[in-house]
Amino acid sequence: MKIETALLKTIDFFSDAPNAFLEKIAHIARVENYAAGQTLLEQGKPQDKIYMVADGKLSLSSRLADGREIALDEVAQGSSIGTSALCEDTAPQFSVVCAQNCTLIVISIKDALELFSKDYDTGYHMMLVMVDRFRREADNRTRQFLRSLKNYPGIYSTLS
Amino acid sequence: MVKIEDLKRIDILRDMPSHILEIIAKEARVQILGKGTELFHAGHRNETFYMMTMGQVALKLDLTRDIDVTFENLQGGDAFGLLSLVQDAVSSYSAVCQEACEVLVLEAPRMFELFEQNREFAFYMIRGVAKQYQRLMHKRANMTINTIKTNPDLQSGMEEVGVLPRTYSPLHI
């Protein structure tokens, strides 16, 4: 059953997206409930779904080369996990577990790629959304680095 | 017309279908640029998409009025000016030729015309841009992680003044 576009709009990733585009996405998205402790993505293992948090909280962690597991972040309502897989088939660099009982909007990557290959207009808009999100994140990190560099000029060597 | 073989050496075009490459081959033109040429400036709108065949281009940002920081040195096979293909977006960096360069260029206004006429072409081009930005995003996240790894004593100080994020996850977008 098609989900409401209003629910998709609550996700940061889609907040500025046009309604006609969201209507198409709504046809391939599902709402699913997950219990606290359930694993959604495993570091280094193939990923077949994108998750968007309608309610609840997810924990991100990463296993380092020396075997240590480090907590990376917690993401809450409005966040998306795994959308990078829509433009490049790469395994996630971190694991994701439900920190609480969660209601998630779930999109199968296969369904999304099928939709884009039949409907290039929707695919084009999705890619524009992704460019915008990736660019903002990359620009934020760059600005953070520049501010760090002003205070700690020695970190310039980490650029190479 | 640019040769398809030359286009296949450009990383962003590598997995594009041949009928899409044929469109690009018809539209692209070769440009030779002298050392020191500034192709676009950070914060300004740039109307040209560049694909490097030879030479070296630095992507820079101003740290202060007198000091700029080079974030990337691009070489043959790299593309830049990616945001020229996104309406109304301004450049994140300034681009300056570090030596004489040969580039293939696509003019953004013509690309937007083609995007309206051919959504398949638009999809593949913007997917290429998204892939590049995805890699850049991961590169920048790793830069932050490397900063902390190589200077662990800086982490708490930088967090306190809000210079580094409290968490430094690889991106979870």
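A quick note: this is a predicted structure, and the numbers were derived from the prediction, not measured. Numbered from 1 within each chain, the chains take letters A, B, ... in sequence-line order.
- With values rounded to the nearest 0.5 angstrom, A:Leu146 atom CG is found 10.5 Å from B:Asp68 atom CG.
- Between the CG atom in B:Leu61 and the CZ atom in A:Phe145 there is a gap of 11.5 Å [rounded to 0.5 Å].
- Atom OH of A:Tyr124 sits about 5.5 Å away from atom CZ of B:Arg119, to the nearest 0.5 Å.
- Hydrophobic clustering places B:Phe115 together with B:Leu21 (ILVMFWY residues linked when any side-chain heavy atoms are closer than 4.5 Å, directly or through intermediates).
- Of the two parts of B:Phe121, neither the backbone nor the side chain holds a non-hydrogen atom closer than 4.5 Å to a non-hydrogen atom of chain A.
- Residues B:Ile23 and B:Tyr124 share a single hydrophobic cluster, defined by chaining ILVMFWY side chains whose heavy atoms lie under 4.5 Å apart.
- Both A:Val96 and A:Val75 are members of a single hydrophobic cluster when ILVMFWY side chains are connected at heavy-atom separations under 4.5 Å.
- The shortest side-chain heavy-atom distance between A:Arg135 and B:Leu83 falls under the 4.5 Å cut-off.
- Proximity to chain A is absent for every atom of B:Ile67, based on heavy atoms less than 4.5 angstrom apart.
- Interface residue A:Asp139: only side-chain heavy atoms are found under 4.5 Å from chain B.
- Rounded to the nearest 0.5 Å, atoms NZ (B:Lys131) and SG (A:Cys87) are 7.0 Å apart.
- Residue B:Lys35 places its NZ atom among 12 or fewer non-hydrogen atoms of other residues, nucleotides or ligands, all under 6.0 Å distant.
- In terms of hydrophobic clustering, with Ile, Leu, Val, Met, Phe, Trp and Tyr side chains grouped at heavy-atom distances under 4.5 Å, B:Val90 and A:Val131 are assigned to different clusters.
- Atom OG of B:Ser92 sits about 12.0 Å away from atom CZ of A:Arg136, to the nearest 0.5 Å.
- Side-chain rings of B:Tyr133 and A:Phe134 stay apart, their centers remaining 6.0 Å or farther from each other.
- For A:Glu4, the CD atom sits in a loose shell: 12 or fewer heavy atoms of surrounding residues, nucleotides or ligands are nearer than 6.0 Å.
- Hydrophobic clustering keeps B:Leu63 apart from B:Val96 (ILVMFWY residues linked when any side-chain heavy atoms are closer than 4.5 Å, directly or through intermediates).
- One finds the OG1 atom of A:Thr142 at 12.0 Å from the CE atom of B:Met137 (value rounded to the nearest 0.5 Å).
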